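As structure tokens, the structure follows; a few thoughts come after it.
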Amino acid sequence: MRMYNVAIAGATGAVGEELLRILEERNFPVKKLVPLASARSVGREVEFKGEVLKVKELTCDVFKEEEIDIAFFSAGGSVSAKFAPCAAEAGAVVIDNTSYFRMDPDVPLVVPEVNPEDIALWNKKGIIANPNCSTIQMVISLAPLHKEFGIKRVDVATYQAVSGAGKKGMEELFEQMRALFNFKLDKKVEEREVFQHQIALNVIPHIDKFMDGGWTKEELKMVNETKKIMHADIQVAPTCVRVPVLRSHSEAITIYCEKDVDVDRAREVLANFEDVKVIDNPEKNEYPMPIIATDTDYVYVGRIRKDLYDPKVLHFFNVADQIRVGAATNAVRIAEKWIEMEGK
């Protein structure tokens with residue numbers, strides 16, 4: 001088997017750290033791993049397969065100097081905009097976790113379980129985009145149902161963990177909860193940096209900035225990315241909400257279909273779909289929850305039920321670890337498929 005020189009831009013961030021773990025867990029064919037970050041992180045250390053590696057500065061030259069074959073980017077959109085083209089020009093395939101390239105018509109937007117064939121378009125710019133975390137787990141659960149029933153519209157409410165805002169988001173929840181237990185929450189709310197309002201013991205129906213029409217940027221990502229990934233004109237109406245959960249996003253989804261839906265058949269096609277696990281036993285209080293999904297690589301689906309009024313409408317709930325399934329694992333799966341299809 002061929003081995004690859006792999007770089008991780010943003011190696012010290014939450015997704016970068018998870019990429020290191022997943023590459024090791026999946027025994028990815030790494031010949032040399034090069035952790036990259038900004039100048040202020042140079043010299044920090046990361047561990048991979050028992051070896052301690054020093055972080056190098058992310059520059060345009062490093063990809064050629066290190067003869068990088070595969071470059072994972074998870075350091076923010078502005079960083080990808082500047083350095084991802086350099087990596088591609090140096091001969092690497094770039095797998096970008098930011099939103100910067102997602103809607104570029106010359107950059108494939110890929111969820112390997114749903115549209116692996118789009119990976120073949122990577123050489124237009126040398127870049128493959130990783131979708132938004134909420135989009136990834138949603139389309140994985142939509143794909144088999146769309147094939148079976150023909151989805152026309154999706155209404156979705158997300159319950160997004162604070163780690164979706166990075167390490168600082170988790171720290172802010174920790175600090176507010178600590179202050180709450182010490183009866184000093186008012187001071188910590190005044191000091192908040194990440195969220196618009198107190199997140200401890202609260203939910204905030206606001207993720208990313210508001211755009212025209214009252215929709216947030218996070219919500220519009222789900223609208224546009226779903227169509228691009230699924231190659232279908234599916235109407236998507238999301239409401240994205242931040243909740244005081246550390247890790248794993250949840251989604252309450254309603255689909256409007258062309259055909260009458262059948263709950264048993266829906267369970268069957270979901271259970272047989274790649275990287276989906278159905279947990280749907282209300283009598284035993286068994287259904288997907290963040291504590292089940294955390295630190296796993298599956299989309300969990302449950303609470304599957306037909307609409308009370310319309311036989312073409314189905315409701316269900318899904319949960320996935322957004323740092324893994326919604327970012328790092330999806331990126332590594334893209335790289336594995338690229339190796340299978342193009343990198344031999």
Side-chain angles (χ1 to χ4, degrees), residues 1-13 15-37 45-75 79-80 83-98 101 104 106-131 136 140 229 274-275 297 323-325 327-344:
M1 179 187 292
R2 181 183 166 187
M3 305 293 280
Y4 297 85
N5 293 338
V6 176
I8 299 177
T12 58
V15 175
E17 291 176 352
E18 206 68 32
L19 278 164
L20 287 164
R21 288 181 58 198
I22 293 166
L23 288 169
E24 184 168 344
E25 287 174 11
R26 297 174 75 91
N27 199 26
F28 193 86
V30 176
K31 181 180 180 182
K32 176 176 65 175
L33 191 134
V34 182
L36 302 171
E45 295 178 343
V46 300
E47 188 173 331
F48 181 68
K49 291 189 174 180
E51 183 180 359
V52 175
L53 305 172
K54 289 192 178 295
V55 174
K56 297 188 175 186
E57 184 176 359
L58 173 60
T59 65
C60 272
D61 294 332
V62 73
F63 300 98
K64 187 172 182 180
E65 292 169 356
E66 298 288 348
E67 300 179 328
I68 298 301
D69 302 303
I70 300 170
F72 295 99
F73 273 74
S74 59
V79 174
S80 291
F83 295 106
C86 298
E89 288 169 12
V93 57
V94 173
I95 300 171
D96 183 43
N97 272 294
T98 77
F101 294 102
D104 186 322
D106 292 327
V107 174
L109 183 66
V110 175
V111 178
E113 298 90 338
V114 180
N115 63 328
E117 67 282 355
D118 287 358
I119 291 173
L121 306 173
W122 73 275
N123 53 13
K124 286 189 175 182
K125 285 193 172 180
I127 299 170
I128 303 170
N130 208 48
I136 290 172
I140 288 175
I229 295 163
E274 186 178 4
D275 298 319
D297 291 326
I323 298 177
R324 291 180 70 99
V325 173
T329 301
N330 195 75
V332 174
R333 285 173 175 159
I334 290 171
E336 291 170 340
K337 282 287 184 182
W338 176 82
I339 290 172
E340 180 184 321
M341 297 169 65
E342 302 283 348
K344 293 179 181 178

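A quick note: this is a predicted structure, and the numbers were derived from the prediction, not measured.
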Stepwise side chain to side chain contact (heavy atoms under 4.5 Å, CB included) test for Glu340 and Lys337: CA-CA 5 Å; Glu340 180 184 321; Lys337 282 287 184 182; 4.0 Å; yes
Steps toward side chain to side chain contact (heavy atoms under 4.5 Å, CB included) verdict (Val30, Phe48): CA-CA 10 Å; Val30 176; Phe48 181 68; 4.0 Å; yes
Residue pair Arg26, Val332: steps toward the side chain to side chain contact (heavy atoms under 4.5 Å, CB included) verdict: CA-CA 9 Å; Arg26 297 174 75 91; Val332 174; 3.9 Å; yes
From CA spacing to verdict: side chain to side chain contact (heavy atoms under 4.5 Å, CB included), Val93, Asp69: CA-CA 6 Å; Val93 57; Asp69 302 303; over 6 Å; no
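For Ile68 against Val34, the heavy-atom pair with the smallest separation is CD1-CG2, 3.9 Å. Taking both residues in full, the closest heavy atoms of Met341 and Ile119 are given as SD-CB, 4.1 Å, listed atom of the first, atom of the second, then distance. Nearest heavy-atom pair across Val114 and Ile229 is CG1-CG2, 3.9 Å. The two residues Ala84 and Ile127 have their closest heavy-atom pair at CB-CD1, 4.3 Å. Here the closest non-hydrogen pair linking Glu18 and Ala328 is CB-CB, 3.8 Å. Among all heavy-atom pairs drawn from Ile136 and Ala327, the shortest one is CD1-N, 4.4 Å.
Ionic pairing of Glu25 and Arg324 is present here: one or more N-O contacts between side-chain nitrogen and carboxylate oxygen are shorter than 4.0 angstrom. Remark: Glu66 engages Lys56 in a salt bridge, criterion side-chain N to carboxylate O under 4.0 Å.
Using cut-offs of 30° and 60° for the angle between ring planes, the Phe28 and Tyr4 rings count as tilted.
Two residues are said to be in side-chain contact when any heavy atoms from C-beta on lie closer than 4.5 Å; Arg21 and Thr329 fail this criterion. By the 4.5 Å heavy-atom criterion applied to side chains, Val110 and Pro116 are not counted as neighbours. Within the 4.5 Å cutoff, side-chain heavy atoms of Ile8 are placed close to those of Leu20. Using a 4.5 Å heavy-atom threshold, the side chains of Phe73 and Leu36 count as separate. At a threshold of 4.5 Å between non-hydrogen side-chain atoms, the residues Pro131 and Asn330 count as touching. Contact check for Phe101 versus Pro85: side-chain heavy atoms found under the 4.5 Å cut-off. In this structure, Ile339 and Ile70 have side chains that are in contact, with non-hydrogen atoms separated by less than 4.5 Å. Contact check for Phe72 versus Val94: no side-chain heavy atoms found under the 4.5 Å cut-off.
Atom-to-atom distance recorded for Lys125:NZ and Asp96:CG is 12.0 Å, nearest 0.5 angstrom. With values rounded to the nearest 0.5 angstrom, Arg333 atom CZ is found 5.0 Å from Asp297 atom CG. Annotation: the span from Ile95 atom CD1 to Leu19 atom CG amounts to 9.0 Å, rounded to 0.5 Å. Distance check: Ile128 CD1 to Asn123 CG gives 9.5 Å after rounding to the nearest 0.5 Å.
Between the side chain of Glu113 and the backbone N or O of Glu274, no donor-acceptor pair lies under 3.5 Å. Checking side-chain atoms of Asn115 against main-chain N and O of Leu109 turns up a donor-acceptor pair under 3.5 Å. Remark: side-chain polar atoms of Asp106 are not paired, donor with acceptor, to backbone N or O of Lys124 under 3.5 angstrom. Without hydrogens or angle criteria, Lys54 side chain to Pro35 main chain gives no donor-acceptor distance under 3.5 Å. Asp118 places no side-chain N or O within donor-acceptor distance of the main-chain N or O of Pro108, the cut-off being under 3.5 Å.
Within a 6.0 Å radius of NZ in Lys31, no more than 12 heavy atoms belonging to other residues, nucleotides or ligands are found.
Residues Asp61 and Thr59 have side chains that never bring a donor and an acceptor to within less than 3.5 angstrom of each other.
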